[in-house]
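So the structure is just underneath, and the comments pick up after that.
Start at 1 and go down the list; that is how both ligands and their atoms are numbered. Heads up: numbering here begins at 1 and tracks the sequence.
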Amino acid sequence: MKLDVDALRYLSKDDFRVLTAVEMGMRNFQHEIVPAELVERIAGLRHGGTYKVLRNLLKHKLVHHDSSKYDGFRLTYLGYDFLAIKTLVNRGVFAAVGRQIGVGKESDIFEVATEDGTVLAMKLHRLGRVSFRAVKSKRDYLVHRSNYNWLYLSRLAGLKEYAFMKALGEHGFPVPAAVDCNRHCVVMSLVKGYPLVQIKQLQNPDEVFETIIGLVVRLAEHGLIHCDFNEFNLMIDDDEKVTMIDFPQMVSVSHRNAKMYFDRDVECIFKFFSKRFNISYQEDRDEEDGVEYDSEENGRPSFLSIEKSAGFLDKELAASGFTKRDQDEIEKFIEGGPEPKDGSSSDDESSGKEQTADEDNETVTTKMVALQLADQQVKSSCCNDEERVEENLDS
Ligand code: ADP
Ligand code: MG
């Protein structure tokens, strides 16, 4: 999605006040389409003129107008982007938005620059935007699909990513430095390197391979599984240093499918390295640094041998505002990344991950389906913080 931030400069205080009012109507009053009258009431512009402002927001595609049931508006992703960006700019996190550097299935990534010229990366989460995989038999769900939940889910994904990045960084994992987050937007340090999938040659493929397998194992020792650990989510720089990214789908080793997710993460790496770098793993080792390697499974690290300290990061995660309950909520939607398919690597199209598919009416997503089913839960979990309306409007 193109992010034209020029309009940001031309938007007035009233524009943002009304845009925030639409968000409040969706979030606090749980309207999919917020009645225009409610927008007016929440915004409470001293001299009136909410409708004129709404027309201006509509012109800039920051809101969507819907009069099928009543006269109402909802935020577009662009509108949500603007609110997050403005908040972060106000906080002094960055001062300018630059070019787009990545597009995932569920996110857009841009360069942003701070006042002193430091370039950072900004990830805008876009849950519910694109298909995850075809589940055509469940098509019906699309008909009733709600535009409201993406806002909640994308915010949750952003918070989760930020909290994990921060906690993992504090425990010495090679991840981007977590800078800040707001709504669905996460700001982090820019990784100077390329996704492994783009790397055709390595000086020391064996070393990189060992480092990467070591990472999955160390994560599990810390009670965590990445669940989308593959050549798209590992960045390699010129010195062949590895950085791991993309955390919204991580789960705990106490998850009921933990072993399957762990084995799948490991398998993705084995497959990729054997295919691209012709690495055949040392199959005869059986133990190293306390981790057992399963000779019956061609020398893969054995999940069961890894000491489980499940949930030890809970405290760190909660410190960023991401709770166990948030984790339970988000797991319903993005459990374990792509569907398991005999441990297939993600360069296999069917894994669905990282496809740059546009909205395709023919494809229905498992997440969409889950989204519909959990609609009620989402609604009840959205806080009823009407008293915070004013506070938010003034920020
Ligand atoms: P998604 O969840 O949509 O897969 P990712 O976090 O994997 O999103 O990011 C998508 C792409 O954006 C990555 O493959 C990478 O090329 C780029 N990217 C993401 N984060 C950074 C970063 N911190 N620095 C540089 N590039 C990044
Ligand atoms: Mg990714």
Side-chain angles (χ1 to χ4, degrees), residues 1 3 77 81 88 93-94 97-114 118-133 150 153-166 168-169 173-181 184-199 212 215 225-238 241-251 261 264-265 268-269 272 330 333-339 345-349 351-359 365 367:
M1 187 179 96
L3 181 65
Y77 255 124
D81 294 348
L88 290 163
V93 176
F94 59 83
V97 179
R99 68 191 176 105
Q100 180 156 11
I101 50 171
V103 56
K105 172 175 48 56
E106 308 158 85
S107 73
D108 286 313
I109 288 113
F110 294 85
E111 279 181 354
V112 292
T114 64
T118 311
V119 180
L120 302 168
M122 167 178 81
K123 177 168 176 178
L124 296 161
H125 286 266
R126 310 226 184 275
L127 254 72
R129 175 177 73 175
V130 186
S131 50
F132 282 70
R133 57 183 22 242
W150 60 257
L153 289 174
S154 298
R155 182 156 54 93
L156 207 53
L159 179 59
K160 178 170 178 183
E161 178 133 272
Y162 174 77
F164 273 75
M165 207 184 298
K166 198 154 177 294
L168 289 170
F173 281 91
V175 296
V179 176
D180 203 351
C181 80
H184 62 323
C185 175
V186 179
V187 182
M188 62 188 115
S189 63
L190 186 75
V191 180
K192 295 199 177 60
Y194 304 91
L196 178 58
V197 65
Q198 289 173 20
I199 311 272
I212 291 174
L215 271 177
I225 303 169
H226 187 286
C227 290
D228 203 7
F229 198 79
N230 56 47
E231 62 275 23
F232 297 97
N233 292 325
L234 291 160
M235 311 269 295
I236 313 285
D237 72 8
D238 290 343
K241 184 178 166 294
V242 178
T243 307
M244 170 173 79
I245 59 168
D246 202 356
F247 316 108
Q249 67 293 316
M250 285 183 79
V251 301
Y261 290 142
R264 192 181 61 188
D265 277 359
C268 277
I269 301 304
F272 178 78
I330 200 167
F333 303 101
I334 47 177
E335 186 180 297
E339 291 271 289
S345 147
S346 288
D347 57 354
D348 168 358
E349 274 206 350
S351 73
K353 189 62 179 164
E354 311 292 337
Q355 278 170 253
T356 42
D358 279 328
E359 286 269 19
T365 78
K367 287 185 201 178

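Using a 4.0 Å cut-off to heavy atoms of Met235, the atoms of ligand 1 that qualify are 15 (C), 25 (C), 26 (N). Distances below 4.0 Å separate heavy atoms of Gly102 from the following atoms of ligand 1: 12 (O). Taking every non-hydrogen atom of Glu106 and a distance limit under 4.0 Å, the qualifying atoms of ligand 1 come out as 3 (O). Close approach of ligand 1 to Phe232 is summarised as follows: ligand atoms under 4.0 Å from at least one heavy atom of the residue are 14 (O). Taking every non-hydrogen atom of Leu190 and a distance limit under 4.0 Å, the qualifying atoms of ligand 1 come out as 24 (N), 25 (C). Residue contact check: Met188 has heavy atoms under 4.0 Å from atoms 23 (N) of ligand 1. Listed by atom number, the atoms of ligand 1 under 4.0 Å from Lys123 heavy atoms are 1 (P), 2 (O), 5 (P), 6 (O), 8 (O).
Of the heavy atoms in Asn233, only side-chain atoms (C-beta onward) come closer than 4.0 Å to ligand 1. The proximity of Pro195 to ligand 1, defined as any non-hydrogen pair under 4.0 Å, is limited to the side chain.
Using a 4.5 Å heavy-atom cutoff, the side chains of Val112 and Val97 are in contact. With contacts defined as side-chain heavy-atom distances shorter than 4.5 Å, the pair Asn230/Phe272 does not qualify. With contacts defined as side-chain heavy-atom distances shorter than 4.5 Å, the pair Leu120/Pro176 does not qualify.
Heavy-atom separations between Ser189 and ligand 1 include at least one value shorter than 4.0 Å. A heavy-atom separation below 4.0 Å is not found between Lys192 and ligand 1.
Remark: Lys166 fails to qualify as a cation-pi partner of Phe164 under the 6.0 Å distance and 45° angle criteria applied to the six-membered ring.
Put simply, Asp228 stays out of reach of the Mg ion (ligand 2), with no N, O or S atom under 2.8 Å from it. Coordination check, Asn233 versus the Mg ion (ligand 2): passed, since an N/O/S atom of the residue sits under 2.8 Å.
For Asp246, the N, O or S atom with the smallest separation from the Mg ion (ligand 2) is OD2.
Not a single ring-ring contact (aromatic ring centres under 6.0 Å, His included) links Tyr162 to another residue, sequence neighbours left out. Shown here are the salt bridge (charged side-chain N to carboxylate O under 4.0 Å, His left out) partners of Lys123, two or more places apart in sequence or in another chain: Glu161, Asp246.
Of the candidates Val186, Ile109, Leu196, the one placing a heavy atom closest to atom 10 (C) of ligand 1 is Ile109.
Using bins of under 30°, 30° to 60° and over 60° for the plane-to-plane angle, the ring pair His226/Phe247 lands in the perpendicular bin.
Between Arg126 and Glu106 there is no salt bridge, since no side-chain N of the basic residue sits under 4.0 Å from a carboxylate O of the acidic one.
Separating the CZ atom in Phe229 from the CE atom in Met244 is a distance of 6.5 Å, to the nearest 0.5 Å. The distance from the CD1 atom of Ile330 to the CZ atom of Arg155 is 11.5 Å, given to the nearest 0.5 Å.
Between Ile245 and ligand 1, a contact under 3.5 Å exists for no N or O pair.
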